[in-house]
Amino acid sequence: MKRYPNYINGEWVDSPQALVNLNPSDTRDQIGEFAEATPEQVTLAVQAALKAAPEWAQSTPQERFNVLDAAGSEILARKEELGRLLSREEGKTLAEGMGEVARAGQIFKFFAGEALRLAGEHLDSVRPGVEVDIRREPLGVVALITPWNFPIAIPAWKIAPALAFGNAVVFKPAEQAPASAWMLAEILSRCGLPAGAFNMVMGRGSRVGQTLVEQKGISGISFTGSFQIGRRIARMCAERLVRVQLEMGGKNPLVVLDDAPLEQAVEIAVNGAFFSAGERCTASSRIIVTRGIYQRFKQALIERMKKLRVGDALDPETDIGPVIDEAQMNKVLHYIELGRQEGATLAAGGKRLELDKPGYYLEPTLFTETHNGMRINREEIFGPVATLIPVEDYQEALNVANDTEYGLSAGICTAFLEAAHHFRRHVRAGLAMVNLPTAGVDYHVPFGGTKGSSFGTREQGRYAVEFYTTVKTCYTRW
Ligand code: ADP
């Protein structure tokens with residue numbers, strides 16, 4: 001089996017231990033052994049980044065553009081191959097895998113341009129003969145920690161702006177899906193970065209992730225993952241006054257009003273709730289439906305769900321691939337059992353599937369006649385499970401949508417302009433979708449949420465600069 005080393009100070013470095021990466025569609029298929037960085041190697045990576053940071057901070061915008069543009073071009077050119085690998089290790093369909101790779105390439109292209117456009121401000125001082133320049137400067141060394149569900153896009157949307165704005169990076173991908181991240185690191189290793197400006201240490205969060213966040217000299221940590229770990233990292237960052245950016249879970253509502261076009265609303269719900277096996281922090285997990293359309297919507301959704309094909313992620317006929325691993329499978333099954341115990345009606349799915357190969361296949365699952373107080377409507381499940389919550393009218397729908405500890409994405413299906421407008425203004429979420437799935441976002445605009453979903457400044461688009469730079473105000477007397 002091929003062994004994949006860490007990338008530290010411009011060199012590929014193996015470790016005594018390694019983790020095997022399995023294909024969740026067929027667990028007989030072992031993708032490779034990925035080195036698990038030792039604590040000493042994590043420290044070496046941070047030291048290398050600290051050493052390289054001043055040089056990379058002094059690089060010209062053209063040099064940064066060239067690195068990011070080259071990475072973006074190669075990722076786009078290898079979209080099919082990398083998309084296949086991504087689907088093989090993560091379990092999302094091939095179309096989704098290639099789409100994600102394309103997105104990663106586009107993100108690098110976008111931030112290549114942003115490196116050129118990084119601007120400051122120039123003002124006259126209130127004092128005569130004095131001018132003020134406001135400059136944006138890199139933070140220094142940033143640690144980037146990413147989850148398994150978008151194994152190339154999330155690394156891209158952290159690494160690209162970090163490098164574009166002159167920071168040195170130590171990157172820790174998720175242990176469940178490191179192959180896409182490894183390919184990205186391999187591409188970056190050939191794009192003209194000075195040694196140490198980009199480093200990757202792989203392995204488990206409890207070991208390598210924890211060791212990384214404890215390192216001295218890191219100026220910022222950008223993390224995407226669970227609420228529990230995010231909060232723990234934030235605590236540590238508060239203690240040390242390290243800048244932190246967290247993207248965590250969601251319990252995203254999709255409101256369907258009486259006047260919504262039925263077929264379109266069903267497609268939006270299916271896409272948001274079940275595509276990528278529901279393993280998206282923007283997945284629609286609570287579908288809030290007004291009485292007048294409830295029965296018709298429920299029937300149409302159940303009918304549509306029957307047509308969804310669960311299977312091997314690499315099979316072009318598949319609509320929904322496996323969940324990522326046994327632990328995730330057990331977690332989702334636990335919530336399905338909990339939903340039953342809470343008195344929700346299991347209207348579709350609910351079972352693990354045994355196909356012709358060993359994998360983590362789960363039926364898309366729908367609970368109906370639920371209420372918002374149930375744990376299945378309060379806690380993130382992160383699998384192909386959605387609930388229907390009946391409500392009387394729009395106002396109740398909005399109240400239920402907002403009655404959650406999370407606030408990442410929220411959607412509404414309606415032809416009623418006033419409701420759409422009101423919802424956009426009053427829903428408490430970082431993303432508001434009108435007649436669109438709660439999941440599926442552009443690469444050139446900010447991404448993030450409110451309440452328990454996110455902490456710190458926004459990621460992506462032009463807003464990414466807020467996290468990856470610090471502001472210097474310069475006064476000059478002429
Ligand atoms: P998920 O439930 O999506 O796996 P986690 O929060 O467990 O979410 O993991 C997200 C990322 O954080 C992964 O790269 C994981 O290895 C890392 N991680 C997990 N535990 C820690 C920790 N204690 N310190 C730092 N990183 C961690």
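Numbering of residues begins at 1 and proceeds along the displayed sequence. Keep in mind that what you see is a predicted model, and the values were worked out from it rather than measured.
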Compute whether any side-chain donor of one residue and acceptor of the other, for [X] and [Y], lie under 3.5 angstrom apart.
X	Y	result
Glu267	Asn271	no
Thr470	Glu137	no
Lys109	Ser73	yes

Check the surroundings of atom [atom1] in [X]: do more than 12 heavy atoms from other residues, nucleotides or ligands lie under 6.0 Å from it?
X	atom1	result
Glu55	CD	no
Glu131	CD	yes
Lys451	NZ	yes

- Task: Not counting sequence neighbours, which residues clear salt bridge (Lys or Arg N to Asp or Glu O under 4.0 Å) with Arg428? List them please.
- Result: none

Return all side-chain donor-acceptor pairs below 3.5 angstrom for residues 417-425, not counting sequence neighbours, or 'none' if the list is empty.
unit_1: His422; atom_1: ND1; unit_2: Tyr394; atom_2: OH; d: 2.8

- Verdict with supporting geometry, Thr438 and Ser284, side-chain hydrogen bond (donor to acceptor under 3.5 Å, both in side chains): CA-CA 6 Å; Thr438 53; Ser284 316; 2.6 Å; yes

- State which residue, out of Asn199, Leu193, Leu188, Val142, fulfils the side chain to side chain contact (heavy atoms under 4.5 Å, CB included) condition with Val169.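 So the option named by the test is Val142.
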
Side chain proximity check, [X] to [Y], heavy atoms < 4.5 angstrom:
X	Y	value
Pro437	Thr282	no
Gln176	Gln328	no
Ile107	Gln460	yes

- Item | Note: Arg103-Glu100 ion pair, threshold 4.0 Å (strictly below) | no

- Looking at Arg136 and Glu466, does any basic side-chain N land under 4.0 Å from a carboxylate oxygen? yes

- Task: Any ring-ring contact (aromatic ring centres under 6.0 Å, His included) involving residues 182-219? Give me the pairs, sequence neighbours left out, ordered by first then second residue.
- Result: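 Residue pairs with at least one partner in residues 182-219: Tyr4-Trp182, Trp12-Trp182.
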
- Task: Mind jotting down which residue pairs meet the ring-ring contact (aromatic ring centres under 6.0 Å, His included) criterion with at least one end in residues 106-131? Sequence neighbours excluded, please.
- Result: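 Residue pairs passing ring-ring contact (aromatic ring centres under 6.0 Å, His included), neighbours aside: none found.
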
- So Gln245 and Ser222, side-chain hydrogen bond (donor to acceptor under 3.5 Å, both in side chains) or not? Walk me through it. CA-CA 5 Å; Gln245 177 181 59; Ser222 181; 2.7 Å; yes

Donor-acceptor pairs under 3.5 Å, side chain of residues 440-449 to any protein atom, not counting sequence neighbours: which ones?
none

- Query: Does Phe382 have its ring centroid less than 6.0 Å away from the ring centroid of Trp148?
  - Reply: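 Yes, the ring of Phe382 comes within the 6.0 Å limit of the ring of Trp148, centre to centre.
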
- Message: Using a 3.5 Å distance criterion without hydrogens, assess whether the side chain of Glu33 forms a donor-acceptor pair with backbone atoms of Ala18.
- Response: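 No, Glu33 side chain to Ala18 backbone: no donor-acceptor pair under 3.5 Å.
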
- Query: So, does Arg64 use its side chain to make a donor-acceptor pair with the main chain of Ser59 at under 3.5 Å?
  - Reply: yes

- Excluding sequence neighbours, so at least two apart, what forms side-chain hydrogen bond (donor to acceptor under 3.5 Å, both in side chains) with Thr387? Asn377

- Ser276 and side-chain hydrogen bond (donor to acceptor under 3.5 Å, both in side chains): which partner among Glu96, Glu90, Lys92?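 Only match with Ser276 under side-chain hydrogen bond (donor to acceptor under 3.5 Å, both in side chains): Glu96.
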
